[in-house]
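Labels below follow one simple rule: chain letters A, B, ... track the order of the sequence lines, proteins then strands, and each chain is numbered from 1.
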Amino acid sequence: MIAILIAVTGKGGTGKTLVSAMLVLHLCKKGSLLAVDADPDSNLPEAFGVEVERTLGDIREIFQSSRDEIKGDKEIWFEAKIFEVVKELDNFDLLVMGRPEGEGCYCYTNNILRAILKKFMRHYDFVVVDCEAGLEHFSRKTIAGVNYLIVVSDTSRKGLRTAERISELMEELNINARKGLIGNKVIDKRSENLIREFAENSGFKFLGSLPYDEKVVECEMMGKSVVDLMKTNCSFVREFEKIVKNLESWVVLCQS
Amino acid sequence: MAERKKVEIPENVKVKVSEGEEYDFPVDISPMHEGERIRKGEMYVELAGPKQPGFELVMALPEDQVEDMKVTIVGKDLDELEEGKAHPFAMIYYVAGEKIDTDLEPIIERRNHDFQNYIEGVMHLNQRYDVWIRVGKKAVEKGLKSLATIAKAVMLLFKNEMPFIEKIEAVYATDREFVEKTLKEVAMPIYEERDARVESLHDEDVEEFYSCTLCQSFAPSDVCIISPDRPSLCGAITWFDGRAAARVDPEGPNKAVPKGEIIDPIGGEYSGVNEFAKNESGGVTERIKLHSFLEYPHPSCGCFEVIGFYMPEVDGIGWIHRGYPEPAPNGLTFSTMAGQTGGGKQVVGFLGIGISYFRSKKFIQADGGWYRVVWMPKELKQKVLQYIPEDMRDKIATEEDAKTMEELKEFLKRVDHPVVKGVVRPVDGKKITEGWLEEKEEETEEEVEEEKVEQQPTQPMEFMQLSQLQPQSLQPVIKLTIKNATIKIDKIIVKKKE
């Protein structure tokens, strides 16, 4: 049992959290899945219409500040607390990484955390991580072994430049993952071609593009969850199904 | 000491006994299953956990009292429990063997967590009275019908992985009254006794210390030595943690360090530690005195929670913690001193420690312990106040008493701090400092100080050479302004452009 670890990233505002959430809802039909919110700025739980009271960051802080007083074995304590903050939803589990580290030395804390998460994640068929463009959890190796890194970009120059930077960062950090690109808020053929061309020239697998859709804007404005959006069967939702198919055949191709 | 004896099995409760070894298990048993989450929907029953009482306990007993591979189940067995619900649960193991004593109980007990998790479809979390177990539906469908099967599998793993266990017997219980009563009357006193032992264990009581090289990624020559009286300087790892980690992974970042011969019982110098430090640091650190400040101090990686600094002006030691942003009376902030002290080097005059070292009975005892301490921020002082000897509590200045060296001198004179007239270290009653001398004599003392400094191959010497070199051989061609920076440099090579 080795999980397929997919990280979704991109510039803020490109819709990566929406894409992550949609991906989770599709993939969890095919096997056991862990969704990880690794972006302190985004809100993956909200996309699923749930609330998460405590995050892994909270537990890490408690561990960091009270590790002196924990009785018995600290690793076992830490692991149990992490299991407690993992939220069980109907078809998948959800882990929110939460706030970043505070001051001081996290060598020991992160060392234990790494080992626990590694043991824990390998039992899922899929792990989908919504992460910020700085890839902090990967550089600290708290989340290790990402197989597919998907960048979501809109048609703006900035969005694509972020994709380029992520590509460079991966090389620097020695992240040995396959790179995919999804275009979002694409209004016409011309801008789709622009993104496709960029992908092909920069070593990304182009997985498809998603249209700018009023329904999406409406759902976000009303604070509706992605589950509700999926029910509308709007053009965005239909196009996303194509992306999932592309992703699946890409994964099959890469695994074989 | 809490008595170790078999728990009494109540007569009015259903009891099932299973004897002898079992090898045919309906589910797979392997370390691969560690970390597997049994989700609520896939769960057959939950045992103990947040909603029900429960505990796990290992007790060392004389060999003739333990009936090897026997399991007694008190209360309902797995297939009789109501599905989908949480139930009380206790796991008690009696162990015997020539090498087994009560010291080993917690080490054996810790492995219950691992071994239960090896069983496919069984999830075990947490420890002691916080245990939380789930058994999956799939495992029950495959034929895992009795708690005795789980107990037998775990006992076999215990005997395989810890061969010093010669005999092992288990009592598993789901009967609420029995679980609650045994937890209160038998288990709790034993846990409390173990915690008390943690507090009272000293360097001289053990044969081995533990190392920590977790920080070598950024302080390559750093070696942390963790002893019962000296926890790691990041504050994270105690001797007990080190021991647990070393047993699980002997080649990992926490290795056992045999003490060897004792060289200096007051300073805390051991031949085994010196030898280890020399090897692991690549020769950078040759001698370490665990409880000394001024002589062969413990090296500092950079992770310390608190820095100690020697102030020659008052012949005393100050401490500053990471959260205190202002400069200490020596004019330096935490981060400035941290920059000087870190990197795995021994820097005489500075020492990085974890807050828990203030609790140690051997706290810098070679240099007078608390009687040499003259200053610490109020926040830190409050935190450790209970460990300060009562007669010293009012004599250690905080930022409210003194912000500068002059104010500190005044304060120390006013409260008649031991450094003023000379410190007598409590550990052996020896007078270790002369106190503040009259103006005339002060000069001679300073000379002695300087000689001492020259003997130490310390960093400031290297700095001096560099600064002397610059104006002579290099014409200034650029102006470098650095603001608000923390800089750590292992080596600077200045070469003439060819």
*asked:* Is B:T238 close to chain A through its backbone or its side chain, or both, or neither, when contacts mean heavy atoms under 4.5 Å?
replied: both
*Do NZ/NE/NH1/NH2 and the carboxylate oxygens of B:E379 and B:K383 come within less than 4.0 Å?*
no
*Measure A:N91 against the heavy atoms of chain B and call it side chain, backbone, both or neither at under 4.5 Å.*
backbone
*Quick one: what part of B:E305 sits under 4.5 Å from any heavy atom of chain A, side chain, backbone, both or neither?*
side chain
*Kindly indicate whether the side chain of B:H33, heavy atoms from C-beta on, has any atom under 4.5 Å from the side chain of B:Y118.*
no
*Would you please go through residues 38-46 of chain B and name the residues with a non-hydrogen atom below 4.5 Å from one of chain A, in numerical order?*
B:I38, B:R39, B:K40
*Validation row: A:K87, A:E53 side chains within 4.5 angstrom (heavy atoms)*: yes
*Any residue meeting salt bridge (charged side-chain N to carboxylate O under 4.0 Å, His left out) with A:K74, in chain and number order, not counting sequence neighbours*: B:D241
*In terms of heavy-atom proximity below 4.5 Å to chain A, should B:R194 be classed as side chain, backbone, both, or neither?*
neither
_Test applied, side-chain hydrogen bond (donor to acceptor under 3.5 Å, both in side chains); reference residue, B:H113; option that passes from B:E56, B:H124, B:E34, B:Q127_ = B:H124
_Under the side-chain contact (heavy atoms from CB on, under 4.5 Å) test against A:M97, which residue among A:V85, A:T55, A:V36 passes?_
A:V36
*asked:* Please rank A:N111, A:L117, A:D93 by heavy-atom pairs under 4.5 Å with chain B and give me the top one.
replied: A:D93
*asked:* Less than 4.5 Å to any heavy atom of chain B: does that hold for the side chain of A:Q64, its backbone, both, or neither?
replied: neither
_So if I apply the ring pair (Phe, Tyr, Trp, His ring centres under 6.0 Å) rule between A:F78 and each of A:Y108, A:F120, A:F83, A:F63, which one comes out positive?_
A:F63
*Which region of A:D90, side chain (C-beta onward) or backbone (N, CA, C, O), has a non-hydrogen atom less than 4.5 Å from a non-hydrogen atom of chain B, or is it both or neither?*
backbone
*Of the listed residues (A:I116, A:D73, A:T109), which shares the most heavy-atom pairs with chain B below a 4.5 Å separation?*
A:D73
_Proximity breakdown for A:I82 and chain B, heavy-atom pairs closer than 4.5 Å_ = neither
*Look at B:R128 together with B:D195 and state whether they make a salt bridge at an N to O cut-off of under 4.0 Å.*
yes
*Strictly under 6.0 Å, is that where the ring centroids of A:F126 and A:F92 end up?*
no
*CD of A:Q255: more than 12 outside heavy atoms within 6.0 angstrom?*
yes
